[in-house]
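Report on one structure; see the data block that follows.
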Amino acid sequence: MLSNSQLTHSLLSNSPVESFSFAGREIFLKRDDLLHPAFSGNKARKFAYFLDHEFAGMTKVIGYGSAQANSLYSLSALAKLKGWLCDFYVDHIANHVRTLPTGNYAAAIANGTRVIDLSSLIAANPSLHREPKWTCQDYIEQQVLPAEPNALFVPEGGRCQYAEYGVSQLATEIETWAMQQGMSELKVFLPAGTGTTALFLNQYFVRQQIDIQVLTCAVVGGDEYLAQQFYELNPNAAEHPQILNVGKKYHFGKLYPEFYAMWQRINASDVQFELLYDPLGFMVLEKFLPQWGASPVMYIHQGGLLGNETMLPRYQRKFGKSRTTL
Ligand SMILES: *Cc1c(COP(=O)(O)O)cnc(C)c1O
């Protein structure tokens with residue numbers, strides 16, 4: 001059997017870089033979706049610290065977020081690799097998710113994760129009623145953790161300093177690759193949720209004084225929200241990635257015809273992309289590519305493909321299966 005550190009170093013690093021044709025030019029794709037079949041994408045990077053270190057006495061990991069979140073599945077995979085139990089708190093579970101589990105939710109349950117619906121739990125327990133209502137984070141911190149000394153708590157989406165460890169590993173891979181290619185500069189683009197991955201990547205390059213610039217776009221919340229997330233992880237704005245936008249506000253998880261059209265365009269290659277972050281990511285990239293001249297550009301494929309099992313049927317129901325219907 002592989003030890004934890006062997007697993008990290010032999011499988012959870014050195015994802016390949018491929019050439020990819022987009023918007024009439026060549027870009028490079030960092031295939032973090034290929035890190036490991038059970039543990040891939042940027043959640044695997046953000047959780048690598050937990051995989052790579054011993055946590056003496058720990059028997060459980062506790063997280064929270066949406067019942068469809070990529071981080072739910074990744075946390076369940078981490079727990080399985082570590083031999084830990086996993087409790088994941090959600091505000092509510094939609095009926096259609098509960099009756100017909102798909103994607104991240106179904107895979108996490110199959111990994112043995114307990115998905116705990118906080119709203120039902122509180123409804124069934126009058127002593128927990130209060131105003132304002134509990135958030136998952138407050139509930140876990142005040143009601144759960146005091147009684148669970150052997151549990152490790154991971155904030156939503158892995159937004160914490162622990163993430164720096166694995167994201168820096170990603171940064172060194174990009175640095176080494178760029179050096180091998182003889183590049184004197186490189187632009188790295190990736191769409192952001194909490195911004196944790198983009199922030200720790202750019203912070204690494206700035207601190208190492210490497211001429212690699214990280215650019216991103218806000219997929220969850222707006223540009224100000226994303227900037228605020230950067231500040232919470234690092235108060236030094238000089239180390240923050242640059243935030244780009246297409247000038248239109250999109251709501252996270254909502255279905256847009258232009259997202260679906262972009263997804264179909266990029267998916268016409270051999271590479272499969274996901275439907276929550278990548279469509280806006282490539283729309284922003286397409287807008288800014290012409291301004292970047294001949295500078296080499298890398299897009300980071302951050303995984304999340306299991307979520308397509310849930311998102312694609314929603315898109316197909318709304319817009320049909322083929323692009324010509326748009
Ligand atoms: C979680 C996730 C993101 C957002 O990552 P942050 O570090 O929170 O910005 C982007 N893409 C995919 C596929 C993800 O699963």
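Computed from heavy atoms alone, side chains included, the values below leave out hydrogens, waters and symmetry copies. Ligands are counted one by one from 1 in listed order, and the atoms in each one are counted from 1 as well.
Between the side chains of Gln213 and Gln242, a donor-acceptor pair is found at a separation under 3.5 Å. For Gln68 and Asn104, the side-chain atoms include no donor-acceptor pair closer than 3.5 Å.
Aromatic ring pairs are classed by plane angle as parallel below 30°, tilted from 30° to 60° and perpendicular above 60°; the pair Tyr250 and Phe259 is tilted.
When heavy-atom distances to ligand 1 are checked against 4.0 Å, the residues falling inside are Asn42, Lys43, Lys46, Asn70, Pro191, Ala192, Gly193, Thr194, Gly195, Thr196, Thr197, Glu274, Tyr277, Gln302, Gly303, ordered by chain and number.
By the rule that hydrophobic residues join a cluster once side-chain heavy atoms approach within less than 4.5 Å of another member, Tyr256 and Leu285 end up as members of one cluster.
At a threshold of 4.0 Å, the pair Glu164-Lys46 does not count as salt-bridged, since none of the basic side-chain nitrogens sits closer than that to a carboxylate oxygen.
Looking at Lys30, its side chain never comes within 3.5 Å of a backbone N or O of Ile174 through a donor-acceptor pair.
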